[in-house]
Peer 1: 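Below is the structure I would like to discuss, written out as structure tokens.
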Amino acid sequence: MTTRKVKTKQANVKVKTAEAKREELAANSQYRGNDSKIDDLQKNTEDSGGEFLTTNQGVRINDNQNSLKAGDRGPTLLEDFILREKITHFDHERIPERVVHARGSAAHGYFQVYESMAEYTKASFLQDPDVKTPVFVRFSTVAGSRGSSDLARDVRGFAVKFYTQEGNYDLVGNNMPVFFIQDAIKFPDLVHAVKPEPHNEIPQAASAHDTFWDFISNMPESMHMIMWAMSDRAIPRSLRMMEGFGVHTFRFVNQRGKARFVKFHWKPLLGVHSVVWDEAQKISGKDPDFHRRDLWEAIENGDFPEWEFGVQLVEEKDEHKFAFDLLDPTKIIPEEIVPVRRIGKLTLNRNPDNFFAETEQVAFHTGHIVPGIDFTNDPLLQGRLFSYLDTQLLRLGGPNFHEIPINRPIAPVHNNQRDGFMRQTINKGQSAHDPNSTRGGCPFQAGAEMAGFTSFAERIDAQKIRARSASFFDHFSQATLFYNSQTEPEQNHIIRALRFELGKVETPSIRERMLGLLTEVDKDLANQVAQGLGMSVPAKLDKPLNMSIPADGTPAKFQSKRVAQGIESSAALSMVENPNFPKDTIKTRKVAFLVADGFDDAAVADMKQALMTAGAAAMTVAPRLGVLTGADGEECKADFSFLTASSVLFDAVYVPGGDASATALKEQSDASSFVEEAYKHCKAIAASGAGVGLLARWLGEKFSESNTTGKLVADEQGVVTSRGPAGDNFTAAFINAIAQHRHWERELNPTG
Ligand code: HDE
């Protein structure tokens, strides 16, 4: 028997400060910022360009067309290892989709802090403005399956994995700042309710059905979130144009161990914009990958999406000074009460190479935190801390999912965890235990000053009970605040959304219960919804339902209590009124030019130039594909035909002049419905020369007279016309109309 050398000497490790460690890491080329994760992924990328086809064992394949048979018509032979390997791999290609957030799209990028946040947190990626921390960001819908439509009315996931120098930090947020439930124990119920109904698996990616509203109508705590989910926030124009929120209150902890509460925000630099529900439903048919394509194309075109990272900071001593509980995930801290401080920027600049390897296999976990960030006792967050690790074990097949390239930290990993399915790391050495003397005590625990993670030492003095704090019982005040903060068109959209959703509910008592709850939010809202349903609002709220009452609890103790929020409305909650949402850019907006042979060459060229200079994309839509010739002989390629394009896929539409073009389009019902639909969806519309006559014909009464009789260039509720040559005033007016996003004043029958 051979004997092994046993090392018994304790290694002599110099104690490094966190600062020194960071400097060392920064000096190491592996950590030079944005590229470090890309370099890391390179180790696992494969490119078949110029290579021979091989088996998984590297044996070159001579015939990939025919299996091995006994004679050319004979049975296939079991011996065919090439066939068996190929088919077997194919048979095993699928993994379970995420139980929620299955439909998603992701991109790589980087994060940079504007100035050191050392006063508030020791998190390494929030110290140095020169450091670019690589990130991978996945956006998602919640309810639908992997192949469902992007435009479902739903919450959007906004999950960010920061590959920091001190380990991975995952901020697994949503595009809405609150949630449906207050306690994790209700999550399976919520998800079972919103998913397709279990007996017939209908409907896909939609909350408009009985089980969802049955659950909601029994859960008054969901009412604030319902206001968000029924608002246009649930149907974003683009993943690049939505806010993100950490939802829970977290903690920042600085080097001295001082903690503060923190809420996280992502503010998109393109502003916050949505589509309308009719449009969303049509996009779901015309291009169910609308958001995925939009994100992909923006990045491919170099229009890198950007968000500023915002924090709302609250001193520990102020924990109880609010009208709501900071631990309650159904509440926001209104930005007017605690302003959002923008502390850094996220840029997405690279599409994944492989959807499955990266977007599908990325594993987010709320428990992936780094020194300087810590949890609070929010009971929803506490449950998530269990769920995310648990779900990855099943979805990705075992405990080594952190070794999958997209999940692998750029910070080194050393521990005594071993083995398991698909283990990649070849751990050297005799022993895998701690404490040990056999490896000189390695790997060592790291002191706090060496960036070792220490939990915030929160003082707890409590009984072990199943209960909900009475400070969580105000279920309606912030729902009302949200509703009150919306402009009239935004309120109308909420009313219409509720009419749609409850209109799809078949059980009358569910609708009735919902009307009861809506009355608590706003009487007029409830009445308007009831009117659309052909019902009347119940005289009084059904008994307070499921106020988280244990079986032997006393209902009287569990009444919803309204607490004045300190403000009546918050502009930050409205997409239209928020002063911080930019409305002066048309970057990346898509404008359709409706043209046929004989179009006005100069007008098309000028408008294209003006739009492109402003960062928008101009695309021609014509009766047929191929090359079109303008009145002056300019040639232009039709980007789409009326069959391959649709108004709902564009932000605005322009009908240039050119007599022959106008004549050709005049009788095209596809062209008129294109414009009518753009009008209905309140988008900017422009026409010049003979195009003005077309608009007048197509829009009929809706077409304002001043567009034909007023000034040369007229802008009537976002319908911009120029009867003369299309000059600078005209292009500028159109650009401004597009930048407003929508012209809600035009909505015909807003609550109909
Ligand atoms: Fe999640 N959630 N969640 N969630 N969640 C998942 O994890 C869960 C909640 C969020 O792009 C799952 O890997 C519980 C709030 C996003 O991969 C699962 C509770 C917020 C994503 C899970 C919540 C989120 C998930 C499914 C209540 C916003 C997609 C697959 C206690 C702050 C991440 C997976 C991605 C995904 C559990 C509530 C955001 C099952 C138990 C609140 C963005 O673990």
Side-chain angles (χ1 to χ4, degrees), residues 150 237-238 240 275 279 282-283 285-303 351 586-658 660-666 668-679 681 683-691 694-695 698 720 726 731 734-735 737-738:
D150 281 341
R237 155 65 182 85
S238 161
R240 304 173 291 123
V275 298
E279 198 183 355
K282 287 172 177 157
I283 295 173
K286 299 276 183 187
D287 185 7
D289 304 303
F290 187 72
H291 284 156
R292 179 175 288 179
R293 191 185 309 283
D294 168 273
L295 179 67
W296 179 275
E297 286 179 353
I299 293 174
E300 289 300 296
N301 293 338
D303 294 320
N351 280 314
I586 63 161
K587 263 193 197 156
T588 77
R589 295 314 189 105
K590 286 187 173 166
V591 184
F593 284 35
L594 306 193
V595 286
D597 281 318
F599 61 86
D600 179 341
D601 312 61
V604 165
D606 286 354
M607 184 62 91
K608 251 192 186 163
Q609 188 56 45
L611 292 174
M612 279 164 60
T613 307
M619 286 153 177
T620 46
V621 182
R624 59 161 174 81
L625 292 177
V627 176
L628 305 169
T629 312
D632 291 335
E634 279 300 315
E635 291 196 335
C636 110
K637 198 173 122 289
D639 295 307
F640 300 98
S641 75
F642 285 112
L643 278 180
T644 61
S646 166
S647 163
V648 293
L649 306 176
F650 294 88
D651 293 290
V653 51
Y654 171 43
V655 189
S661 175
T663 309
L665 293 179
K666 197 156 106 187
Q668 282 266 335
S669 62
D670 286 338
S672 58
S673 57
F674 201 109
V675 169
E676 280 162 20
E677 203 157 62
Y679 187 91
H681 298 148
K683 294 174 181 175
I685 299 173
S688 58
L694 282 185
L695 275 201
W698 290 337
V720 183
T731 53
F734 187 37
I735 287 172
I738 302 170

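Along the sequence shown, residues carry numbers from 1.
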Peer 1: For a quick test of reading the model, state the closest non-hydrogen atom pair linking Gly598 to Ala660 and the distance between them.
Peer 2: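 Closest approach of Gly598 to Ala660, heavy atoms only: CA-CB, 3.9 Å.
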
Peer 1: For a 4.5 angstrom cut-off between non-hydrogen side-chain atoms, does Val648 reach His681?
Peer 2: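 Contact flag for Val648/His681 side chains = yes.
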
Peer 1: Going by atom type alone, with no hydrogens or angles, which donor-acceptor pairs under 3.5 Å involve a side-chain atom of residues 627-634 and a protein atom two or more places apart or on another chain?
Peer 2:
none

Peer 1: Quick check: do Phe734 and Val591 have side-chain heavy atoms less than 4.5 Å from each other?
Peer 2: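 Phe734 vs Val591: side chains touch.
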
Peer 1: In Å and rounded to the nearest 0.5 Å, what is the CZ to CZ distance from Phe599 to Phe593?
Peer 2: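 Taking CZ in Phe599 and CZ in Phe593, the distance rounds to 10.5 Å.
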
Peer 1: State, to 0.1 Å, how close Ser641 and Pro623 come at their nearest heavy-atom pair, and which atoms those are.
Peer 2: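 Closest approach of Ser641 to Pro623, heavy atoms only: CB-O, 4.3 Å.
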
Peer 1: Nearest 0.5 Å please: distance from the NZ atom of Lys608 over to the OG1 atom of Thr613.
Peer 2: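 So the gap between those two atoms works out to 13.0 Å.
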
Peer 1: Is Ser646 close to Glu677 at the side-chain level, that is, under 4.5 Å between some pair of heavy atoms?
Peer 2: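 They are in contact (side-chain heavy atoms under 4.5 Å apart), so the answer is yes.
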
Peer 1: So Asn351 and Glu300, side-chain contact (heavy atoms from CB on, under 4.5 Å) or not? Walk me through it.
Peer 2: CA-CA 7 Å; Asn351 280 314; Glu300 289 300 296; 2.8 Å; yes

Peer 1: Can you tell me how far apart OG1 (Thr644) and CG (Asp639) are? Round to the nearest 0.5 Å.
Peer 2: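 Output value for this atom pair is 9.0 Å.
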
Peer 1: To check you understand the geometry: which heavy-atom pair defines the closest contact between Phe650 and Val621, and what is its length?
Peer 2: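 Scanning both residues, the minimum pair turns out to be CZ-CG2, 4.1 Å.
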
Peer 1: Are Val720 and Tyr654 close enough that some pair of their side-chain heavy atoms sits under 4.5 Å apart?
Peer 2: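 No, side chains not in contact.
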
Peer 1: Passes side-chain contact (heavy atoms from CB on, under 4.5 Å), Phe674 versus Leu665? Steps please.
Peer 2: CA-CA 11 Å; Phe674 201 109; Leu665 293 179; over 6 Å; no

Peer 1: What distance separates Ser238 OG from Phe290 CZ, expressed to the nearest 0.5 Å?
Peer 2: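 Spacing of OG (Ser238) from CZ (Phe290) equals 8.0 Å.
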
Peer 1: So, using salt bridge (charged side-chain N to carboxylate O under 4.0 Å, His left out) as the criterion, who are the partners of Asp294 when residues are at least two apart?
Peer 2: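 Counting only residues at least two positions away or on another chain, Asp294 forms a salt bridge (charged side-chain N to carboxylate O under 4.0 Å, His left out) with Arg237, Arg240.
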
Peer 1: Minimum heavy-atom separation for Gly285 and Pro288, please, with both atom names.
Peer 2: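 For Gly285 and Pro288, the tightest heavy-atom pair comes out as O-CD, 4.0 Å.
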
Peer 1: Which heavy atom of Ala610 sits nearest to which heavy atom of Thr731, and what is that distance?
Peer 2: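 Minimum heavy-atom separation between Ala610 and Thr731: CB-CB, 3.7 Å.
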
Peer 1: Indicate yes or no: does Arg624 engage Asp597 in a salt bridge with an N to O separation below 4.0 Å.
Peer 2: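 Salt bridge between Arg624 and Asp597, a charged N being under 4.0 Å from a carboxylate O: yes.
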
Peer 1: Might you point out which heavy atoms bring Met619 and Phe640 nearest each other, and give the distance in Å?
Peer 2: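 That would be SD-CE1, 3.9 Å.
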
Peer 1: Less than 4.5 Å apart, side chain to side chain, heavy atoms only: is that true for Asp150 and Arg292?
Peer 2: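 Side-chain contact under 4.5 Å: yes.
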
Peer 1: Once rounded to the nearest 0.5 Å, what's the spacing between atom CG of Leu694 and atom OG of Ser661?
Peer 2: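 It comes to 7.5 Å.
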
Peer 1: Are side-chain heavy atoms of Val675 and Ser647 found at a separation under 4.5 Å?
Peer 2: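 With C-beta onward as the side chain, the pair stays apart.
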
Peer 1: Is there side-chain contact between Cys636 and Thr620, with at least one heavy-atom pair below 4.5 Å?
Peer 2: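 The answer is yes, as the side chains (C-beta and beyond) meet within the 4.5 Å cut-off.
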
Peer 1: Which distance, rounded to the nearest 0.5 Å, do you find between the CD1 of Ile283 and the CG of Asp289?
Peer 2: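 Reported to 0.5 Å precision, the distance equals 12.0 Å.
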
Peer 1: Is the shortest side-chain heavy-atom distance between His291 and Leu295 below 4.5 Å?
Peer 2: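 His291 vs Leu295: side chains apart.
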
